[in-house]
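Here's the structure we're looking at; comments come further down.
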Amino acid sequence: MAAAATLQFLGAAGTVTGSKYLVRHRGQQILLDCGLFQGLKELRLRNWFDPAFNPREIAAVVLSHAHLDHSGYLPLLVKRGFRGKIHCTAATAELIEVLLPDSAKIQEEDAERANRDGYSKHHPALPLYDGKDVKEALRLVETHPFGKSFDVAGEMRAEYRPAGHILGAASIDLAIGKRDPVRLVFSGDVGRYVSPILRDPAPVPEADVLLVESTYGDRLHMPDPLTALERVINEAVHRGGAIIVPAFAVGRTQELLWHIRKLEDESRIPILPVYIDSPMAVEITDMYCRHTGEHNLALTQLAGDDCRIRTHRQVMIHTVVESKALNPLDEPMIVIAGSGMVTGGRVLHHLARRLPDPRTTVLIPGYQAEGTRGRQLEEGAKSIHIHGRDVPVNAQVVRVEGLSGHADQRELLRWLSGFQRPPAACYVVHGEPPAAEALSKLVAEELDWHVRPARDGEIVDVVKNAEWPS
Ligand SMILES: [Zn+2]
C-alpha cells in the first residue's frame, strides 16, 4: 500500500482567490497553484502573512493556469526562498511572462502613488514583490504538453488535461505513489462548453480525491449573451454615452471582441470605435493567434481584416498619454480596459472620469469577487472610492453573464459526469460559501458522491478509500 499523502487547503476554500493546495507525500511537499488573494481587504492581507509552510521546502509548483488568483503568489514564494520547479503548459508560461510583470508593476505603482498622495495607512507603503522577484520566478518555469505525464517530485507525477476557460488552462491529474498510485485531480477553473473561441473542457476519467471549482456553483448563465450584449450596446448608443468594460486581458477581452465583431457583421449594432486600453490585451490576443491547437478558430479566421477577434473600428491604446486622450471624447464608444474586477489598472481612470455621467454604461462581463470595486458597482453602489476620493455612480451598470469564462452549475455537473467512477472524496473549492454549498448539495443528490465544501486550512488524507464521516 502506498504511504498516505495529505492535502491542505491554503486558499480558494470558501473564497474564489488565493488558490493554493499543499500536497505532502513521503517527505516531499508540492503546491498545486500558487495564487494571490484578491478582493476583500482581509483576504488581501493574507498575502502578507507567513505561509503555513516553508517555501524553501517546496519541491515544485504545478500551475493550473495563468490567472493571478492561481499564479500571482509565485514571485513572493521565490522571494521567500522557493527554488524548485514551476510546471505549467506552454501557453500558461507565455501568459505569466506578461501577467506577472504587470502584477508587480501595478503593485509598485500603487505603493508609489499611496506614498505620494499619503493615503496609505502604512509608511512607507511597500509592494508585495517587484520586477526582480518576477524575473527570478520565471527562470524556474518548465512547460509540458497536454496529455503527457511528467515527474513533479519524489513519487508524484502529473498530467495536464485541457480545461477550456483561458488559453493554456488545465485540470491537474496527479498520480501519487509508485505502484497502484492514488489519483488526486484538481479541476482548475473549468471553462464553458459554448465558448466561441476555446475548445470544450476535456473529461478526466478517474480520481480518488477530487477538487472541483465552484465559482458559479449556484448560478446558470444566460443562454445567449449576444442578444443581451446587443441590447446593452444599442441602449448606450441611444443615450449617447460611452461603454466602459472592465475586462481581464486574457480570455474576456478576446471573447468580447469576437461577440462585438459578430454583432457588427450581422448589422445588429452600429460600428463603434472600440478602444483596447491595455497593451497586455494586445499582446495576449496575438498569443491566441499563435496557439491555434487550443481553440476552434482556424488560422484563416485570425488573419488580416478577417480576424474574428478584431472589430471593424478597433484602436489599440498603448501609452498612458493615448489613454488620457480618450477623456475628452464625448461620443458613443466602447473602452475595454483592465483590471477585470476594477481593483487597479487603467479602467480606474475611465471610471473616475465617466461614472458621474448618467449616459455612461459600465458593462460587467465576468465574475466580480467580494470586496472588489467591480462587485460594489454590480451591487448598485451609489459611489466608489478611486485613488483616494469618492466618485458618484450615475452610470448604468449592467452585467452580461453569458460572457463569463467559467462553467455554470449545469456545465460543472457535465464536467463531473465525465468521471467513470465516483471519487472516494470530492472537495468543492474556489467558490464563495453559497456557491460551494449549492454545488456540493447538487453533486450529492444527482451523482450520489461523497462531497462537501473544503474548509480553509484543513488537512485531508489523499487515499483510495477515504473515511467519509457523515
Ligand atoms: Zn481563472
Side-chain angles (χ1 to χ4, degrees), residues 11-13 15-21 31-39 43 61-74 86 88-89 91-96 98-100 102-103 146 160-172 186-193 195 197-202 211-217 219 221 246-256 280-281 284 287-288 291 294-295 338-343 345 364-370 372 374-375 401 403-408 411-412 415 428-432 435-436 439:
T15 96
V16 294
T17 66
S19 189
K20 237 181 262 98
Y21 310 108
L31 280 175
L32 304 183
D33 275 356
C34 192
L36 212 53
F37 286 104
Q38 297 170 308
L43 282 175
V61 177
V62 185
L63 286 187
S64 67
H65 67 290
H67 276 148
L68 290 177
D69 58 320
H70 297 258
S71 73
Y73 193 88
L74 282 171
I86 298 168
C88 60
T89 64
T92 297
E94 278 190 43
L95 285 171
I96 60 173
V98 178
L99 294 179
L100 291 181
D102 186 69
S103 168
F146 287 105
Y160 283 124
R161 294 169 191 276
H165 184 57
I166 60 166
L167 208 63
S171 303
I172 301 169
F186 169 42
S187 67
D189 283 0
V190 180
R192 305 209 57 200
Y193 288 84
S195 161
I197 300 177
L198 292 172
R199 290 192 195 288
D200 285 354
L211 311 187
V212 62
E213 72 120 327
S214 59
T215 315
Y216 284 105
R219 278 189 248 175
H221 293 318
F248 287 110
V250 195
R252 240 33 30 236
T253 294
Q254 292 75 27
E255 295 212 348
L256 259 167
M280 214 164 61
I284 287 166
M287 284 183 205
Y288 271 75
H291 290 272
E294 290 192 33
H295 51 67
S339 73
M341 298 192 203
V342 203
T343 51
I364 309 246
Y367 189 81
Q368 304 296 317
E370 255 183 321
T372 60
R375 175 69 78 93
E401 224 170 70
L403 294 170
S404 165
H406 284 273
D408 68 6
E411 289 169 313
L412 284 169
W415 184 79
V428 180
V429 296
H430 201 284
E432 284 167 15
L439 185 69

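Nothing here was measured: the structure is a model prediction, and the numbers come from that model. Counting convention: from 1, in listed order, for ligands and their atoms alike.
- Under the rule for a ring pair (Phe, Tyr, Trp, His ring centres under 6.0 Å), Phe37 has no partner lying at least two apart in sequence or in another chain.
- The name of the N, O or S atom in His67 nearest to the Zn ion (ligand 1) is ND1.
- A donor atom on one side chain and an acceptor atom on the other are not found under 3.5 Å apart for Gln38 and Thr343.
- Ionic pairing of Glu432 and Arg375 is present here: one or more N-O contacts between side-chain nitrogen and carboxylate oxygen are shorter than 4.0 angstrom.
- Metal site remark for the Zn ion (ligand 1): His70 contributes no N, O or S atom at a distance under 2.8 Å.
- Note: His70 and His165 fail the aromatic proximity criterion, with ring centroids not under 6.0 Å apart.
- Within the coordination shell of the Zn ion (ligand 1), defined by N, O or S atoms under 2.8 Å, Asp189 is present.
- The Zn ion (ligand 1) has an N, O or S atom of His65 inside 2.8 Å of it.
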